[in-house]
Amino acid sequence: MIPIDGLAVLTAAEMRSAEQAAMIGDVTEASLMDRAGAAIAQAVARLAAGREVLVLCGPGNNGGDGYIAAAELKRRGLAVRVAASEAPRSDDARRVAAFWPDAVESLERAEPAPVLVDAIFGTGLSRSPSAVVEHALARLTDAAWLRIAVDLPTGIATDTGKVLGKTPRFDVTLALGAVKPSHVLQPAASLMGQVRLLDIGVPTKSSARILARPILPQPDATSHKYNRGMVAIVAGSMSGASELAALATLRAGAGYVLHLASGDVSASAAPHAIVRRNYTADALNEDRIGAVVIGPGLGRNDDASDRLEAALASGRPLVIDGDALRLVAVETLAAHDGRKILTPHGGEFTHLFGEVTDDKLSATRRAAQQSGGVVVHKGADTVIAAPDGRAILCPEASPWLSTAGTGDVLAGAIGAMLAAGLEPLAAAEAGVWLHAQAARACGKAFIADDLADALSAVRG
Ligand SMILES: NC(=O)C1=CN([C@@H]2O[C@H](COP(=O)(O)OP(=O)(O)OC[C@H]3O[C@@H](n4cnc5c(N)ncnc54)[C@H](O)[C@@H]3O)[C@@H](O)[C@H]2O)[C@H](O)CC1
Ligand SMILES: [K+]
C-alpha cells in the first residue's frame, strides 16, 4: 500500500497501453490479475485485522481481482464470503472465479460483514450500474465497519472525476497499477477515503502526476534580501487582499516584498517587513524584482487595467490572480512571451477559457497551451498544467480552505517561489504544496491571516 504522492497518473486508455506494453515473456493478462489479487489480499488482510470479509465481485476483470483476493484471504485463514452481481463474463474472470472453493452468494440477499470489499466494477465501467447493484452496494457498505474499493469504487468514471450513479463512501481505495485521474478529481475523490497504490509490476510513464513534496529554495551564506527573491505586489482598490498576499510572500521565504498601492500607503502599518510604496508603472522596472503578483484586491476599474498592462509589459515573471483574470484576454496572454502563472478558481477559469465540458485535467492542459502560461486551476482538486502538457493533480488539502483570502495567500506563496528562481511549473507546485501543508497545520476554522503565518512553519 504505497502513498500516492508524486506518482504517475494514467487514464483508463493509458493504463491499458501500459498493461499491453508490460505483457512480454511470461507476463500475461492472467499473471497481472494474479498479482493484483495477491496484492489486494495482502492489503485487505492487514486492514481487516481478523474480521470477517465480504467480497463483492462483478462480471469483468475487477470482479476477477476480487475472486483471487477472496481465495487468498481464505487460504490465510480469514472468514471470507463472496457475493456476485452476475456470473463472470471475461475469460480471465471465469478462470479465477473457479479458484473460489465455496458457494457464491447473490448480491441482493448477501448478509453484511464488518469488512466490505467492492470488486464489482473498476476501469471498465461505461454507464451507471443497475439499480439492483447500487441498492445492494449501499445496503452492504452502510452496515460495514470498513469499506475497501478495488481500483475504483463502483460507479466512478475513471478519467473525469464524475460519479455515474449512486456511489457510497469508502474508507480505503486500492488503486491497481497506477493512480487514475478520478482518484484525485472531484466529486469522485471525495468518496474514496484514503487512496493507496498496489504495485502490480506494470511500468507506468505519464506527463501527469500527483503533487509531491518539492525541493524548496534555501538561503545560504551568499544570500541577501534581493537574491532570496524580491516580489512586487501590485495592489488596487481592496488593499486587504494584496496585503495578505504580501504577508504570505514573506512567510513563504521571499527576501523583499514591495507592496505597490495608492492613496493609503502607510509606512507605519504592520507587518513592518512589507515595504509599502506608491504604485507607479516605473516601480516595476526595478531590475531586482524576480516576480510580480497582480490580481488580489486589484479591482476592475481603468486603473486596474492600466496596472495589468504595465505588469504584462514589465517583462518580469508574473503571477496573475483574482481580478486580473477577469480583465485579461486569452489572446493577450498568448501574445505575451514572458513567464507567467495563472491561478483561476472555477469561476475565473470559466470566464477566461469557457465552461469545462470534458474533465478538469484535459481542460486545464488546454488552457495552459492556449495561454502559454502555467495554469493553477484551483479547487478541492487543484490541477496544475504547463503549456507543454505536463500536469500535476493535487489531492484535497483541507475543506477549511474555503474561506476568504486563502487564494491571495496562495498567489503570494507562488510569487515567492517564482522570485526565488524556480521555473513556473515548479514554483506553482511548491506554492500549492506549501499552502496545503499550512492548511493542514492550521486545523479547523482558521482565517487566511493564520494560513499566511503558518507558511513559515511548514516550509522546512
Ligand atoms: N491495472 C491493471 O493493470 C490491471 C487491472 N485489472 C483489473 O481490471 C479492471 C478492469 O477490468 P474490465 O474487465 O475492463 O472492467 P470492469 O471489471 O470494471 O467492468 C466489467 C465489464 O462490465 C461491463 N460494464 C461496464 N459498465 C457496466 C454497467 N454499468 N453495468 C453492467 N456492466 C457494465 C463492461 O463491458 C466491462 O467490460 C481494473 O479496474 C482492475 O480491477 C486486472 O485484474 C489486471 C491488471
Ligand atoms: K471496484
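Read the numbers this way: they start at 1 and go in the same order the structure lists the ligands and their atoms.
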Within a reach of under 6.0 Å around [atom1] of [X], are more than 12 heavy atoms found that belong to other residues, nucleotides or ligands?
X      : atom1 : result
His135 : NE2   : no
Glu105 : CD    : yes
Arg94  : CZ    : yes
Glu108 : CD    : no

Pair [X] + [Y]: basic N to acidic O under 4.0 Å:
X      : Y      : value
Glu423 : Arg339 : no
Asp358 : Arg365 : no
Arg16  : Glu19  : no
Asp453 : Arg251 : yes
Glu429 : Arg390 : no

Practice task
Apply the side-chain contact (heavy atoms from CB on, under 4.5 Å) test between Leu137 and each candidate in Asp142, Asp118, Thr167; give the one that qualifies.
Solution key: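 Running side-chain contact (heavy atoms from CB on, under 4.5 Å) over Asp142, Asp118, Thr167 with Leu137 returns exactly one hit, Asp118.
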
Please classify the [X] to ligand 1 contact at 4.0 Å (heavy-atom distances, strictly less than): side chain, backbone, both or neither.
X      : value
Asp65  : side chain
Pro129 : backbone
Ser90  : neither
Glu19  : side chain
Leu152 : neither
Arg89  : side chain

Could you tell me whether some N/O pair between [X] and ligand 1 is separated by less than 3.5 angstrom?
X     : answer
Glu29 : no
Glu86 : no
Asn61 : yes

Exercise for the section: Please work out the angle at the K ion (ligand 2) defined by atom O of Leu152 on one side and atom OD1 of Asn62 on the other, rounded to 10°. Expected result: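 The O/OD1 angle about the K ion (ligand 2) sits at 140°.
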
Exercise for the section: If you have a sec, work out which protein heavy atom is nearest atom 34 (C) of ligand 1 and how many Å separate them, to one decimal? Expected result: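 Closest protein heavy atom to atom 34 (C) of ligand 1: Gly124 O, 3.9 Å.
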
Handout entry: Shortest protein contact, atom 20 (C) of ligand 1 (heavy atom only)
Key =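 Of the protein heavy atoms, Gly60 CA, 3.4 Å lies nearest.
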
Problem - Residue Met15 vicinity, atoms of ligand 1 by number, heavy atom under 4.0 Å - result: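 Heavy-atom distances to Met15 below 4.0 Å select 1 (N), 2 (C), 3 (O).
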
Within the stated cut-off of 3.4 Å, is an N/O/S atom of [X] closer than that to the K ion (ligand 2)?
X      : result
Asp118 : yes
Val150 : yes
Phe121 : yes

Problem - From the candidates Thr123, Asp151, Ile68, Leu125, the one that places a heavy atom nearest atom 10 (C) of ligand 1 - result: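 The option holding the nearest heavy atom is Thr123.
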
Handout entry: Side-chain donor or acceptor of Arg35 paired with backbone N/O of Ile200 under 3.5 Å
Key =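 Yes, because the side chain of Arg35 sits within donor-acceptor range (under 3.5 Å) of the backbone of Ile200.
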
